[in-house]
Amino acid sequence: MKRAKAIWMVMCLCLFLAFSGFTQSTDPSYVIDQVFVHPGMNSTQVVLQSKSPPPLFPTYYSIEHPATIIVDLGETTVNINQPFQIASNLIVEDVIVEVSKKGHSRLLLPLRQKVPYHLYTYQNMTIIELKKFQNDRLADFIPIEVEKQLQNTTEKSCYLKDVDIKQLDDRLDVKAKLNGEAVVDVFALENPFRIVADFYNTKNALKIPALNIN
């Protein structure tokens, strides 16, 4: 199995992956009726469940509370019990819903430490995936969930054609351009802190082996 590995070293942990932070208008009739926290070996997922496909909510780390993720839900209605019960050994300390006088909702996720994360949608769920920092990882290690994706994929090998890096006011966007769909595993390592993206069944077509980030 061939794969291309791209490593980006970042100076802070406020990194949003390329598919995080996009905004779409919210429907006032949209309702979140359940919230789950799923711990995993390499990441923890906060899942917002609804009865219809969700928009992609804007999300960011709080300036006042640097280890708190804010998900701007707009006019979405959130029907969950508070206080939210979370095991003490998870990276997520709490799940808090704030509603302004104008009816705008925000979901607050206080964390025990700042970690890389990304937000995406799947069917009727919005998923905030928090990446755990790992001390080390063997080069040939493949997580179970990635193995399942590889078994179910029919896509042949594709090419990593380009990497676009854009510095924004509140984040660094890194976008990988491929000529097809790849199974991608993104995780965080420490000593030094860095984000690693493994592209499985992907051949490296980049003209240069490394990109400098100023």
Side-chain angles (χ1 to χ4, degrees), residues 8-28 30-40 42-50 54-121 125-134 165-175 186-190 192-195 213:
W8 296 281
M9 300 184 66
V10 292
M11 299 304 296
C12 65
L13 305 183
C14 299
L15 176 70
F16 293 101
L17 303 182
F19 34 85
S20 173
F22 296 157
T23 62
Q24 294 183 9
S25 59
T26 54
D27 184 347
Y30 184 72
V31 177
I32 294 173
D33 46 25
Q34 293 187 76
V35 177
F36 306 97
V37 178
H38 294 301
N42 299 314
S43 65
T44 295
Q45 293 181 341
V46 179
V47 180
L48 314 181
Q49 179 74 54
S50 58
L56 195 54
F57 300 110
T59 175
Y60 48 91
Y61 267 113
S62 169
I63 297 176
E64 295 81 6
H65 306 283
T68 296
I69 294 173
I70 298 175
V71 183
D72 190 348
L73 302 175
E75 296 179 322
T76 298
T77 300
V78 184
N79 294 328
I80 64 171
N81 294 326
Q82 301 234 225
F84 197 85
Q85 300 298 320
I86 295 181
S88 59
N89 61 337
L90 296 184
I91 190 170
V92 182
E93 291 186 327
D94 201 355
V95 176
I96 303 170
V97 177
E98 289 186 349
V99 182
S100 71
K101 294 181 180 179
K102 295 183 179 180
H104 287 251
S105 300
R106 298 196 312 172
L107 185 75
L108 277 62
L109 301 175
L111 309 180
R112 300 189 187 282
Q113 70 173 123
K114 216 173 191 181
V115 297
Y117 74 95
H118 72 279
L119 180 147
Y120 60 97
T121 61
M125 296 179 290
T126 298
I127 302 172
I128 303 103
E129 186 169 14
L130 311 167
K131 300 292 183 178
K132 295 180 180 178
F133 282 109
Q134 304 174 44
I165 301 173
K166 184 178 295 184
Q167 178 66 61
L168 302 178
D169 292 338
D170 60 349
R171 68 182 186 273
L172 181 71
D173 274 358
V174 181
K175 298 182 180 180
V186 182
F187 53 95
L189 294 176
E190 56 185 1
F193 290 128
R194 58 204 187 275
I195 305 298
I213 302 177

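This one's a predicted model, so the numbers in the text were calculated from it and none came from an experiment.
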Discussion item. V95 vs L109, test: side-chain contact (heavy atoms from CB on, under 4.5 Å). Steps then yes/no.
Written reply: CA-CA 5 Å; V95 176; L109 301 175; 3.8 Å; yes

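- Relative orientation of the Y117 and Y61 rings is perpendicular, given thresholds of 30° and 60° on the angle between their planes.
- Summarising the local packing, NE2 of H65 is surrounded by 12 or fewer heavy atoms from other residues, nucleotides or ligands at distances under 6.0 Å.
- Contact record, P39 with L90: CB-CD2, 3.4 Å, taken as the closest heavy-atom pair.
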Practice prompt. Test side-chain contact (heavy atoms from CB on, under 4.5 Å) on V92 and L111 and set out the steps.
Written response: CA-CA 5 Å; V92 182; L111 309 180; 4.0 Å; yes

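- Between atom NZ of residue K175 and atom CD1 of residue I165 there is a gap of 12.5 Å, rounded to the nearest 0.5 Å.
- The backbone N or O of P54 lies less than 3.5 Å from no partner atom in the side chain of T121, so there is not a single donor-acceptor pair.
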Item to complete: Give the C-alpha distance, both sets of side-chain angles, the deciding distance and a yes or no for side-chain contact (heavy atoms from CB on, under 4.5 Å) between D72 and F57.
Response: CA-CA 6 Å; D72 190 348; F57 300 110; 5.8 Å; no

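- One distance of note links CD of Q113 with CG of L130; it measures 10.5 Å at 0.5 Å rounding.
- The shortest non-hydrogen separation linking M125 to V47 is SD-CG1, 3.6 Å.
- Between P66 and K114 the shortest side-chain heavy-atom distance falls below 4.5 Å.
- In summary, of the residues considered (K131, H38, E129), a side chain to side chain donor-acceptor pair (under 3.5 Å) with S43 occurs for E129 alone.
- When all heavy atoms of R106 and I70 are compared, the pair lying nearest together is NH1-CD1, 3.6 Å.
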Discussion item. Using side-chain contact (heavy atoms from CB on, under 4.5 Å), reason through L107 and T59 one step at a time and then give a plain yes or no.
Written reply: CA-CA 9 Å; L107 185 75; T59 175; over 6 Å; no

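- To the nearest 0.5 Å, atoms OH (Y60) and CD1 (I69) are separated by 12.0 Å.
- Scanning all heavy atoms of the two residues, the minimum distance from T68 to P110 falls at OG1-CA, 3.7 Å.
- A donor-acceptor contact shorter than 3.5 Å is absent between the side chain of R112 and the backbone of E93.
- I32 pairs with exactly one of T77, T126, L73, N79 by the side-chain contact (heavy atoms from CB on, under 4.5 Å) rule, that one being L73.
- Of all heavy-atom pairs spanning V99 and S105, the tightest one is CG2-OG, 3.8 Å.
- The CG atom of L48 sits 11.0 Å away from atom CD of Q34, with the distance rounded to the nearest 0.5 Å.
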